[in-house]
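Proteins get letters first, then strands, A, B, ... in listed order; numbering begins at 1 in each. Owing to the predicted nature of the structure, the values given are computational and were not obtained by experimental measurement.
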Amino acid sequence: MSAPRVRFAPSPTGELHVGGARTSLFNWLFARQRGGIFVLRIEDTDTERNRPEWVDGILSALSWLGMEPDEGPILQSSRFDRYQVAIDALWASGALYACDCRREDVDARTRHSDTPGYDGHCAERGLARGEGRALRFRAPAEGSTVVRDLVRGAVTFPHASMEDFVCVKSSGQPLFVLANVVDDRDMAISHVIRGEDLLPTTPKGILLWQALDRAGAEAGGPIELPVFAHLPMLVNAQRKKLSKRDAHLAVESYRDQGYLAVAFRNYLALLGWSPPGQAEKVGVDTLIREFRLEDVHHAPAFFDVKKLAHLNGEYIRELSVEQFVAAVKPWVAPDSPAPGGLSAAPPPWDPQQFDPAVFSAIAPAVQTRVVLLEEVPAMVDFFFRPELEMAPEAWRRVEADPQAGEVLTGALAAYEACEWQAERLHETTVALGEGLGRNGRKTQEPIRVAVTGRTVGPPLFESLELLGRDEVLRRLRAALERLGPA
RNA sequence: GGCCCCAUCGUCUAGUGGCCAAGGACAUCACCCUCUCAAGGUGGAGACACGGGUUCGAAUCCCGUUGGGGCUGCCA
């Protein structure tokens, strides 16, 4: 069998959303596995509601995920002449008829009918093509069309339930089904891998395909029908198809939050499919090697951000410190502009204050404590902003601690003399606590809050070491002052 | 309403007639580790929608019911 040609064919009506990304991934995996070609086609026949600039977003999102198209983007809006040829051939062969019915007239006629949809009013009127007249496909009255689907098997659609559907608007513009079929023929697509929502329109496409064969629309004669594979939908918490209304759908927003592309891609692959064996965290090589359309699950899947986040944490921890530091750079020391269309939130400090050496030193401790790259700045901000941001709830804990003053005073004295090294600071602090009848856990808290402004954060004594004696003492004094006389 | 698809722990899934008193992962709970928080380790709770068949044997096959979803547009 020759190398397959597949396509991802989004309509640019928004940013690339996770459902589209999953569809794209399965197409891409299939192509890579078999040495095929992955085509990106932009379905923008509806000129009313498409925005050309969205194409850039789709491209950059695909690129982020490592799924660069081998061909394209090909815009349907640039191919109207091709559709015109197909429409003329179809018309000449009698596969189409003109219709000037208005929607409300059709509705009025069919309101009490058993068979909803268009009633074939214009089928035999012999109307000429022309302004204000749509073109409908003459659907067969009997028989059925079978969709051969790699994930679902053979699905039969009786023609009796199919209306004479419109495939050319009264404006002369082709509708999705027609453009889709003409493109798949022209681009020699061998496998149509897309969302299950397109399954019901597939028989229409097949009928159009066969009509095009009969009409001799292309010089080369009949073209073999592609193999279909309809992927289960991605649904929201209400089990409804993901729509633009659902929040947190844009792939770009995951990138901007600091999800790693490898993690995101790995997670996407787990939606509707699973690698053999027990491991879910698998590299792209395994994905490409093991992916099987035949093994794709049939039921819809919910996009679980919690699981994605966990996977992301695993991938973050797997990074070397150097890789981690490089990956976080847009969040802690942004260049302008950021690479790859990334739009990271600016760090809460003056860039001048950022010290790469300090950050690199604390990075290993940070790496196990974040699940998203965007969480990093808040975890290390106390290093890089002289005016400490004190979390109110953290300070309340200090105020509620009757020994807080003693701990801080004791620490101030002990740290003035102590060797400035994390392990020494640890021992010193524990000793200080013992004198007050406190364990290490209790002792470190007021100090941590005084120095970092929070009750949680990176290991305290390493942080103190990095901050330096003078700064630590300064913050301890400030906290003491804020606490007031005991 | 019509046509079509689907149905295993809360979630994502393994399972293709006996290896399943149903396995893994996330989430959750407990414990261990521990300077906080994480990470890590150990353990727990947690599902075959229901009813009929077929079969020596069914989560796996068939039928029905119920439930969910998609499509039904001169959107894609």
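If you check every strand for non-hydrogen atoms under 4.0 Å, Glu445(A) touches nothing. Residue-level contact check: Lys281(A) touches neither bases nor backbone, having no heavy atom under 4.0 Å from any strand.
More than 12 non-hydrogen atoms from other residues, nucleotides or ligands lie less than 6.0 angstrom from CZ of Arg239(A). Annotation for Glu142(A): atom CD does not count as buried by contact number, only 12 or fewer foreign heavy atoms lying within 6.0 Å.
OP1 or OP2 of U34(B) has not a single side-chain nitrogen or oxygen of Arg441(A) nearer than 4.0 Å.
Taking atom P in both C48(B) and G10(B), the straight-line distance is 9 Å, to the nearest Å. Nucleotides U16(B) and U54(B), compared at atom P, are 24 Å apart to the nearest Å. Going from the P atom of G23(B) to that of A47(B) covers 11 Å, rounded to whole Å. On the C1' atoms, C20(B) is 25 Å away from U42(B), given to the nearest whole Å.
Remark on RNA chain B: of its neighbouring residues Phe157(A) and Leu460(A), the 5'-side contact belongs to Phe157(A), judged by nearest-heavy-atom nucleotide. Between Gly440(A) and Asp295(A), the residue anchored closer to the 5' end of RNA chain B is Asp295(A), taking for each the nucleotide with the nearest heavy atom.
In this structure, Arg22(A) forms a cation-pi arrangement with Phe26(A), its terminal cationic atom sitting closer than 6.0 Å to the ring centre and no more than 45° off the ring axis.
Ring orientation note: the planes of Tyr254(A) and Phe303(A) are nearly perpendicular, at an angle over 60° on the 30°/60° scale.
With rounding to whole Å, Glu462(A) atom CD is found 11 Å from C35(B) atom C1'.
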